[in-house]
Every structure is written in structure tokens, then in C-alpha cells.
Amino acid sequence: MDTQEFDYVIVGAGSAGCVLASRLTEDPDTTVCLLEAGEKDSSVLIHAPVGIPALVRAKSSTNYGYETVPQPGLNGRRGYQPRGRTLGGSSSINAMLYVRGHRWDYDHWGELGNAGWSYDEVLPAFVRAENNEQIANSFHGQGGPLNVTYPLYDSAVTEMFLRAAESQGLARNPDYNGAEQEGAFVYQVTHRNGERCSSAKAYLTPNLARPNLDLKTEATSTRVLIDGSCAEGVEYERGGRLHRVRARREVIISSGAFGSPQLLMLSGIGTASDLQAHGIEVAHNLPGVGRNLQDHIDYVQSWRTPAWSDTVGLSARGAAKFAAGMLEWKKRRTGLMTTVYATGGAFMRSEAGLPAPDLQIVFVVAIVDDHARKMHLGHGISSHVDVLRPYSRGVVTLRSKDPHDSVLIDPGFLSDERDLELLVKGAQMQQRIVESAPFAPIRGEMLYATRIDDVAALREDIRNRADTQYHPVGTCKMGPADDPMAVVDERLRVRGIARLRVVDASIMPTLIGGNTNAPTIMIAERAASWIKAG
Ligand SMILES: Cc1cc2nc3c(=O)[nH]c(=O)nc-3n(C[C@H](O)[C@H](O)[C@H](O)COP(=O)(O)OP(=O)(O)OC[C@H]3O[C@@H](n4cnc5c(N)ncnc54)[C@H](O)[C@@H]3O)c2cc1C
């Protein structure tokens, strides 16, 4: 078996892995090997923002397209879990909304015993990562790799949403990533020049010519090589053959909320009895691996609109607009092809006096049904609502010891009734917004019609149709030494195994109140600076 040697070996070129590879190779004397299971990010569907539904709706070469185990809280349905499998990872198939979460979330991580993770301590890493095209103040960065902007294309319907939200008491918020999160707004997005700015485009692609960076795509890591209690390197499979890379300094796992616990378990790090049941030799009994899975449960409601409304839909008019949009994007990188569909949004408190908003709305200028897996002829609008800090907890376990097998994903959606009750409140709030006067000129019949005052019907429709907002986290959680379920310490070093870190969304001890791409990039920025500082 051939063996190469580098200073660092990083597993996974996703949101976090691309940041680490780029930052660590800024020093020309540091060598890095970046292993990615997926292929290069060459599809135009990745780069043209309008391609999101096509990327998300089905399993493909760039989307793992996982299914969960049957969910009792969802009336026994299996949930769907798309995940990116290409350069940029999930940031190459995500909805591109730039959201950091609330100050409270990071202060809370600090209160859980994670020194150095308060909001004031993480803010500089958000700022360092960012190049914000419009907002220049102490909350935002200029000159960072991750480009953030307001979308180039807007729909007149977004203004209806903002007025409707105002009519229900939600003030317009000029910057939900700034001093105050609550209110209604237009989403900031990770775009550059009318194209998706994934973590790969921001951090990796511009630096691929560095001689000290070795990127290997279509290379699936099969296990971390461990000698006693020290990580020595990684074994990976490429082209049907096994290879080895040794790490002189560290192995860093950045394989995401499902991939990272899987690789730890395949390497003998996890609950000893679970590993033994699969015939895996135990390197370190670490019971938190794969536990503490948290995800945003999402409920979407849709209404039909006429074809003349400024929405994206399946009609002759829609097709003509689309064709013109394609020509415009080819020539100038502007127009309809730059839409993220999810134009408007809101953060809301279900009750006054809460320390932070507990619900998020994602308003979409199209009909969204079952992750775009069910398509409808005609035009429409949709509103998603999410429980920001769910009480429900899930778990990721091995299906088998074959690294190419998917893990068993059990998000435990709505296993805690408090999540259902909050989602019902959120659904009522969003329905009031869409059923208010500003939408009257375009609002038609509701798909899956429910009445605001019929709580029993809302509960049932939620159990029948709610699913992920694509933010699984927490399966290798960071925690203090006295927490037996902590997988990594506050510097993201795996407890009990030297020279091994996990750096990605899986280390979040609790889910933050917002989308998870920018927070994952922030986590990787911080880890890179600690590693560089030695
Ligand atoms: C459909 C969708 C929409 C979303 N929308 C938004 C949004 O609008 N805004 C937002 O902020 N967040 C959004 N998110 C969430 C966000 O993109 C993720 O939280 C974030 O990308 C997670 O980053 P990560 O580094 O933890 O993992 P990932 O980016 O998923 O990266 C993991 C990488 O590791 C690779 N890998 C895994 N196992 C192995 C192995 N054994 N060997 C080699 N490579 C391996 C994978 O192929 C992948 O490339 C969305 C996610 C999805 C899926």
C-alpha cells in the first residue's frame, strides 16, 4: 500500500474543510492533504443559484440524499437528508442564506463550560471570514474570502411579504446579522458576481495551485490510523484501492454531522459495545460520538398565485421568463438565474420576554412541496417556519462497518411535544402574515389547506409534512472535561486521542438560532488560527 506524508490530513472538503485547507497552507512551509469523497464542483447547477431545487431534490453524484429511520413524531415517515458530496460539501448545494445565529447562542455555549466561545469571542472570526458588499460596520467584514451580498435579483412579492410582516407587528430589520436579530428582512446571501460562493469557491479553488496543498477528490476515508492513543494518519479508498496518508502533526476530521461520527466509529472511537457489535476493535470508548443530534424541524405552507405574479412557476409564462433569464445570466451573470427563491425572512418571538427569537421564517417565491420532490403546475408562494432551539434529540449510529454504507440517522423529530406546540404557534403566525391584506392581490387557494384556529388539524398536517431545514449538528459535541458525552474539548481536540480534531457542524453543543453554514465557517476559521499558533 502506498503511503504519503503531510503535516496535516483533513478529511472532507466541505464548509469547514475548505477553510482549514486554505488557512493552513497560507504558510508555504506547511503541507496539507485534503481528502474529499465527492467529485469536483463542475456542474453549472452548483454555480447558478437557480439550480438549488435540482441539486437538493434527489440523490446524485453531488448529493448523498440520505433518508432517516422512520420517525414516530412524523407519523412514521422517513425524513429526507440531502448533504453535499463535492468540493464545498453542503455549501455547494445549500440555499445560500447568510445567517449567523443569535448572540445568546454563543454565550450559551460558553455557559455550558466551553471557554472562549462567547459571542464577543466568536464575532472576530465571522468578520474575518466575510466580504460584505453592502454593510460596513463593526459586525461585518470586508476583504474576507466569503462574499456576502443582497441578491441581485428581487421579486416584487418580497415587498408584499415585508409589508405583510409589518402588518403583524414585525418591524423591518436592516441587518439581522447585526445588533438585533428580530424582525423581517431580505436575506443576505453567499454569492459573488451572480454565482454561488460556496466554501470551495471562497477558500479552496483560488488556492489550488499552492504546491503545499494536495487535494484528492473521489477519495473516501475509511478510517483514522491510530497507534495506541495517538492519530497517525488516514486510510482512504480511491479507484477501488486502499491508500494511506500519514500526518506529521494532526488529522482533522471535517466530514459533517453524519460523516464525522461515522469515521470516528469506523476508527474504533465511540460507544464500545456498539463498535464491538459491528466487529470493530475499540481504540477509545467515547459514548458521545453520534449522540446529541439536533436539527431544525421545518413546516412549509403554500398558496397558489396567478402566473402574472412575480413568482417562479411551471407555466408557459414561467418557461419564457426562465429562457430569457438563462441568456441574461450567460451574458452578464444577472437576472432570474441568480434567485435563491427564499427572498424574505423573519425572526420572531413566540412570546414576549424570551431572551432571543425562537422561530424563523423563510419566505419563498415559488411552491415548495416535499423538498421540491413533488412538483406542481402553476405559480405560488410558500412560507417555511422553523423551531430554532428544539428540545428533541436524535442519534447517528453505524448501519455496518462498510465505509460506503450510510449511517442510520434518527433525528428524533418532534419526539418532544414542546417542539410541536411551538411549531403550531409558528405556523399560525406565518399563516396570519400570508393571509393579511398586502398579499390579497395575488393570494389564491392554499395547498394542504388549514385554518389558523384549527390547532388539531395543524398538528396533524405538521406530523404529516414537516421535515428538516437541513441543519443537523451536535453529533461530536464540544464540552468540558466533566461532561462524559463531550467528544471534543473547547479547542476541538478529540478527548482521549492525541493529534486528532473534529472541526465542522458536528461539534456544536446546541443548535444555534439560524442557518448553519456561516457558523461552521466561523468554527473552522477559529480552529485554523489555533492550529497555526501551535
Ligand atoms: C439543502 C441544504 C440547504 C441548506 N441551506 C442553508 C442555507 O441557506 N444557509 C446556511 O447557512 N446553511 C444551509 N445549509 C446547512 C449548511 O450548508 C451546513 O450546515 C454546512 O455546509 C455544514 O458544513 P460541514 O463542514 O459540517 O459539512 P459539509 O459541508 O456537509 O462537508 C462534509 C464533507 O465531507 C465529505 N466527506 C464525508 N465523509 C467523508 C469521508 N469518509 N471521506 C472523505 N470525505 C468525506 C463530504 O463529501 C462533504 O464534502 C443547508 C444544507 C443543505 C443540505
Side-chain angles (χ1 to χ4, degrees), residues 9-20 34-39 41 49 52-53 55-57 61-66 80-101 146 148 177 187-190 196 198-200 204 216-224 234-238 252-264 266-267 295-296 298 340-342 345 360 362 371-372 384 403-407 468-476 502-508 511-512 514-524:
V9 178
I10 302 168
V11 184
S15 295
C18 290
V19 177
L20 288 158
L34 177 60
L35 298 168
E36 167 55 43
E39 57 197 32
D41 54 345
I52 323 162
L55 294 168
V56 171
R57 64 196 300 266
S61 61
T62 55
N63 177 2
Y64 288 96
Y66 295 129
Y80 178 52
Q81 287 281 350
R83 293 278 96 194
R85 184 176 192 266
T86 181
L87 298 185
S90 298
S91 75
S92 284
I93 67 162
N94 76 9
M96 295 163 276
L97 308 181
Y98 180 76
V99 184
R100 294 176 178 180
L146 185 66
V148 179
N177 288 313
Y187 275 107
Q188 299 162 26
V189 295
T190 43
R196 173 191 294 272
S198 66
S199 183
L204 184 69
K216 297 184 197 298
T217 51
E218 300 177 59
T220 301
S221 299
T222 50
R223 65 187 172 113
V224 178
V234 172
E235 181 185 83
Y236 67 95
E237 183 274 323
R238 196 184 199 197
I252 307 166
I253 304 180
S254 298
S255 305
F258 304 136
S260 289
Q262 179 177 27
L263 191 58
L264 285 177
L266 292 174
S267 313
D295 196 359
H296 284 141
D298 175 281
V340 290
Y341 306 89
Q360 179 180 1
V362 177
H371 311 273
H384 296 252
H404 294 284
D405 239 356
S406 62
V407 280
T468 178
Q469 202 207 11
Y470 319 117
H471 299 153
V473 306
T475 48
C476 300
V502 178
V503 180
D504 59 25
S506 70
I507 68 91
M508 296 188 193
L511 189 47
I512 54 107
N515 308 55
T516 46
N517 186 45
T520 304
I521 288 172
M522 173 278 286
I523 289 166

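All heavy atoms count here, side chains included; hydrogens, waters and symmetry mates do not. Start at 1 and go down the list; that is how both ligands and their atoms are numbered. We count residues from 1, following the sequence as given.
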Between V99, L97, T217, I523, flag the one that comes closest to atom 7 (C) of ligand 1 by a heavy atom. L97

The atoms of ligand 1 lying under 4.0 Å from a heavy atom of G84, numbered in the order shown, are 46 (C), 47 (O), 48 (C), 49 (O)

Distance-only polar pair, side chains of Q469 and D295, donor-acceptor under 3.5 Å: no

Atoms of ligand 1, numbered as shown, that sit under 4.0 Å from any heavy atom of A505: 26 (O)

Which atoms from ligand 1 have a heavy atom of G256 less than 4.0 Å away? 26 (O), 27 (O), 32 (C)

Measuring from the heavy atoms of F258, does anything fall under 4.0 Å of ligand 1? no

Any heavy-atom pair between the side chains of C476 and L264 that's under 4.5 Å? yes

Residues passing the side-chain contact (heavy atoms from CB on, under 4.5 Å) test with I10, sequence neighbours excluded, are L20, A21, L24, V32, L34, I252, S254

Answer yes if the ring centres of H296 and Y470 are under 6.0 angstrom apart, and no otherwise. no

Would you mind listing which atoms of ligand 1 come within a distance below 4.0 Å of any non-hydrogen atom of T516? 10 (C), 11 (O), 12 (N), 15 (C), 16 (C), 18 (C), 19 (O)

Ignoring hydrogens and angles, state whether a donor on the side chain of Q360 or H384 is under 3.5 Å from an acceptor on the partner side chain. no

The atoms of ligand 1 lying under 4.0 Å from a heavy atom of S90, numbered in the order shown, are 17 (O), 21 (O), 28 (P), 29 (O), 30 (O)

So is S221 polar-close to ligand 1, meaning N/O to N/O under 3.5 Å? yes

If you compare A37, P82, A200 by their heavy atoms, the one closest to atom 45 (C) of ligand 1 turns out to be A37

With a 6.0 Å cut-off on ring centres, are Y98 and Y187 close enough? no

Can you sort out which atoms of ligand 1 are near S254, meaning under 4.0 Å from one of its heavy atoms? 32 (C), 33 (C), 34 (O)

